[in-house]
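Contents: one structure, followed by commentary.
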Amino acid sequence: MEVQRLPALSDNYIFVLHEPQQKIAAVVDPAEAKPVLNLLNQLDAELVAIFNTHHHFDHVGGNRELKRHYPQAVVYGSAEDNGRIPHQEVFLKEGDTVTFANRSAQVLFVPGHTKGHIAYYFPPTDQAEIGELFAGDTMFVGGCGRLFEGTPNQMVESLGKLKALPDQTRLWCAHEYTLKNYKFALNVEPNNPVVQERYAEVERARKQGEATVPSLLEQEKQTNPFLRWEDQNLQTVTESRDPVKTFGRLRSMKDRF
Ligand code: ZN
Ligand code: FE
């Protein structure tokens with residue numbers, strides 16, 4: 001399974017999973033149809049699945065048109081998003097498994113950004129030594145999603161599930177928010193050398209027009225402030241040793257940043 005990243009709208013990424021031998025493809029969070037249709041033509045691949053992480057327009061906006069071109073493509077989404085995702089046919093819950101070609105993904109229920117948000121995690125296999133995590137708007141490189149429909153409590157639990165995945169997992173998140181996220185991270189921890197270094201790296205990449213997605217979960221665990229509620233620096237900044245309070249205060253600071 002190969003993963004291709006397509007930029008869409010102003011700062012979204014759409015991911016196309018491709019299996020060249022079988023000439024099939026799947027798409028994660030098609031913000032729009034056109035770039036996906038173009039790539040499918042180029043690859044000479046047939047779309048068999050649409051995996052949605054949540055109901056927001058910039059994640060499901062392409063569903064209708066993709067279904068017009070590929071009526072047999074199966075549309076997956078969260079059971080909690082029933083009625084909110086165009087053409088949804090499969091209603092997923094925590095612990096469910098979905099398959100594409102020779103790979104299977106575990107469905108993780110990760111509410112917080114929205115009440116129905118799910119993530120898709122493809123563990124490593126004998127052929128592929130790295131795992132793939134499609135996290136939608138739950139975890140970003142250096143950040144996390146805003147709490148539109150959920151609570152800090154839920155988000156800590158959800159991010160905790162993602163943080164528990166192996167270090168050697170690629171994080172495919174749905175937005176290029178990385179530079180802004182690390183500006184915030186550096187503002188919160190100006191004296192943390194690991195964050196300083198990461199900020200410099202991200203700034204260089206963006207100046208050269210490079211994408212910062214995917215990152216490795218290993219790196220997120222070390223530098224993403226929204227995963228590090230156990231870190232003393234962040235507990236000092238937020239004046240709390242309670243994970244939910246530490247996270248919640250950081251999230252409010254970021255909302256105003
Ligand atoms: Zn969203
Ligand atoms: Fe989004």
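Numbers for residues simply follow the sequence, beginning at 1. Note that ligands are numbered from 1 as they come in the structure, with each ligand's atoms numbered from 1 the same way. Note that the structure is predicted; figures quoted are calculated from it, not measured.
Figure legend: R5 and Y13 shown as a cation-pi pair, the cationic atom lying under 6.0 angstrom from the six-membered ring centre and within 45 degrees of its axis.
Protein atoms of type N, O or S found under 2.8 Å from the Fe ion (ligand 2) total 4.
Using a cutoff of 4.0 Å between basic side-chain nitrogens and carboxylate oxygens, R103 and E132 are not scored as salt-bridged.
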Step by step, work out the side-chain hydrogen bond (donor to acceptor under 3.5 Å, both in side chains) result for Q22 and E46.
-> CA-CA 9 Å; Q22 297 175 53; E46 184 198 345; over 6 Å; no
After noting the C-alpha distance and the side-chain angles of E176 and V141, does the key distance pass the side-chain contact (heavy atoms from CB on, under 4.5 Å) rule?
-> CA-CA 8 Å; E176 179 63 64; V141 179; over 6 Å; no
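Note: the hydrophobic cluster containing L37 does not contain V48 (ILVMFWY, side chain heavy atoms under 4.5 Å, direct or indirect links).
Side-chain atoms of R146 do not come within 3.5 Å of backbone N or O of R251 as any donor-acceptor pair. In this structure, E80 contributes its side chain and G116 its backbone to no donor-acceptor pair below 3.5 Å.
Note on the Zn ion (ligand 1): protein N/O/S atoms under 2.8 Å are H54 NE2, H56 ND1, H113 NE2, D137 OD2.
Partners of K161 according to the salt bridge (Lys or Arg N to Asp or Glu O under 4.0 Å) rule, which considers only residues two or more places apart in sequence or in another chain, are E94. Remark: Q21 pairs with E19 by the side-chain contact (heavy atoms from CB on, under 4.5 Å) rule, at least two apart or across chains.
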